[in-house]
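For the single chain, residues carry numbers from 1 onward in sequence order. The shown structure was predicted, so the numbers you read here are calculated from the model rather than taken from an experiment.
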Amino acid sequence: MVANKLFSIIVSGWPAVGKTTIACKLAEEFDITMYNGGDILKMLAEDKGYSVKRDDWWDTTEAKKFMEERKSDSSFDKKVDEKLIEIVKKGRAVITSYTLPWLVSEESIIIIKFWLRGSSENRSKRMANRDGISFEEAKKITKLRDEENKKIYHRLYGFSFGEDLTVFDYVLNTDWLSLDSLGEISKLIVKRHIGVSP
């Protein structure tokens with residue numbers, strides 16, 4: 001599908017809310033490249049000597065060690081964000097990111113920002129199904145990651161993650177509709193922005 005305008009899309013939201021699923025659907029629909037802040041963070045971890053090959057690496061002891069190191073060295077997150085800002089400004093990208101919506105604004109290209117809202121309960125269910133863990137374990141991980149994200153991004157950039165949503169163009173509730181339905185809605189929204197007939 002050829003768009004009339006150069007654009008990028010940012011999908012943000014709490015952990016396990018469905019960001020990657022929606023971003024994949026958008027990347028496929030508009031034939032654009034998908035990037036994930038976590039993937040770039042993993043690349044930086046690999047540069048520091050961590051072995052990051054496993055798909056579930058973020059749940060390993062080594063990842064927890066890396067996260068401890070990350071907490072004491074803000075350069076990790078800032079390097080990821082600098083790279084993602086470069087990518088988003090070039091256009092033809094869909095990016096899942098916790099921070100990017102607060103760090104970029106529309107300049108020479110259209111940047112469409114989605115926030116995916118979802119209850120802790122539903123996100124924990126999604127994580128349990130996705131990662132093959134118990135619901136109770138997923139609840140603990142979700143709570144921990146929510147708290148860590150709030151602390152890290154407030155310390156780094158001063159914004160209240162998940163509270164100030166004024167930077168977003170659209171908020172989609174993943175508790176009310178399936179990710180498939182929200183994928184279709186988000187495609188229609190993007191088509192309107194970039195001048196493609198639905």
Side-chain angles (χ1 to χ4, degrees), residues 10-24 27 33-88 93-104 114-165 167 174-175 179:
I10 305 170
V11 183
S12 191
W14 294 104
V17 77
K19 296 183 294 295
T20 302
T21 302
I22 297 294
C24 282
T33 308
M34 187 179 117
Y35 297 89
N36 179 315
D39 290 338
I40 293 174
L41 200 56
K42 270 170 89 171
M43 283 162 47
L44 294 173
E46 191 170 28
D47 289 347
K48 289 191 76 78
Y50 289 90
S51 175
V52 299
K53 298 298 179 210
R54 291 174 49 179
D55 286 342
D56 62 348
W57 183 75
W58 287 114
D59 299 326
T60 66
T61 307
E62 196 175 30
K64 288 176 178 59
K65 183 182 168 196
F66 170 69
M67 291 300 278
E68 285 303 315
E69 190 178 341
R70 170 191 172 196
K71 273 188 236 172
S72 62
D73 182 0
S74 62
S75 70
F76 280 96
D77 291 274
K78 291 196 170 174
K79 281 177 191 166
V80 169
D81 291 330
E82 283 162 16
K83 183 68 179 164
L84 290 174
I85 289 167
E86 274 175 42
I87 291 167
V88 83
V94 57
I95 296 173
T96 63
S97 170
Y98 291 125
T99 55
L100 217 51
W102 284 268
L103 304 180
V104 295
F114 289 98
W115 173 264
L116 300 185
R117 174 177 281 161
S119 66
S120 175
E121 177 106 346
N122 281 343
R123 292 186 295 115
S124 298
K125 281 181 195 165
R126 188 174 290 119
M127 182 184 285
N129 290 335
R130 183 190 72 192
D131 298 343
I133 58 176
S134 72
F135 175 67
E136 288 307 314
E137 181 66 15
K139 264 173 76 172
K140 284 181 199 161
I141 294 170
T142 301
K143 185 172 185 290
L144 180 68
R145 287 180 64 192
D146 286 357
E147 288 167 0
E148 289 298 322
N149 281 345
K150 282 173 92 167
K151 280 184 209 157
I152 288 168
Y153 302 128
H154 193 269
R155 189 183 75 238
L156 275 180
Y157 298 116
F159 66 77
S160 300
F161 181 79
E163 292 169 22
D164 173 19
L165 303 182
V167 297
T174 63
D175 292 343
L179 291 180

Query raised in the report: Do M127 and I141 have side-chain heavy atoms sitting under 4.5 Å apart?
Result: yes
- Salt-bridge contact K64-E68 (side-chain N to carboxylate O under 4.0 Å): no
Correct closest heavy-atom pair for G118 and T174 would be CA-OG1, 3.5 Å
TODO: Quick one: sort the Y98 and F161 rings into parallel, tilted or perpendicular, breaks at 30° and 60°.
DONE: perpendicular
Looking only at heavy atoms, the pair that brings A128 and A138 closest together is N-CB, 3.8 Å
Taken to the nearest 0.5 Å, the spacing of I87 CD1 from T33 OG1 works out to 9.0 Å
Residues at least two apart in sequence or cross-chain that pass side-chain hydrogen bond (donor to acceptor under 3.5 Å, both in side chains) with D47, listed by chain then number, are none
Correct closest heavy-atom pair for A23 and T96 would be CB-CG2, 3.5 Å
Of K140, R123, K151, the one forming a salt bridge (charged side-chain N to carboxylate O under 4.0 Å, His left out) with D146 is R123
Heavy-atom donor-acceptor pair, S160 side chain to E163 backbone, under 3.5 Å: no
Any ion pair linking E121 and K139 (charged N to carboxylate O, less than 4.0 Å)?
no
Per side-chain contact (heavy atoms from CB on, under 4.5 Å), P15 is matched among R145, K143, R126 by R145
With sequence neighbours left out, the residues meeting side-chain hydrogen bond (donor to acceptor under 3.5 Å, both in side chains) with D77 are R70
For L100 and S97 the tightest heavy-atom approach is N-OG, 3.0 Å
| message | Looking only at the side chains, is there a donor atom on one of E69 and Y50 sitting less than 3.5 Å from an acceptor on the other? | response | yes
Can you say whether the rings of F159 and W102 are parallel (under 30°), tilted (30 to 60°) or perpendicular (over 60°)?
parallel
With sequence neighbours left out, the residues meeting side-chain hydrogen bond (donor to acceptor under 3.5 Å, both in side chains) with S119 are D175
NZ of K79 to CG of D73, rounded to nearest 0.5 Å, is 7.0 Å
**Prompt:** Is there side-chain contact between Y153 and E148, with at least one heavy-atom pair below 4.5 Å?
**Reply:** no
Interatomic distance, CD1@I10 vs CZ@F114, rounded to 0.5 Å, equals 11.0 Å
Taken to the nearest 0.5 Å, the spacing of L144 CG from M67 CE works out to 8.5 Å
The reported gap from OG1 in T20 to CE in M34 (rounded to nearest 0.5 angstrom) is 5.0 Å
Scanning both residues in full, the closest heavy-atom pair of S12 with K19 reads C-CD, 3.5 Å
What one should report as the nearest heavy-atom pair of W115 and G162 is CH2-CA, 3.5 Å
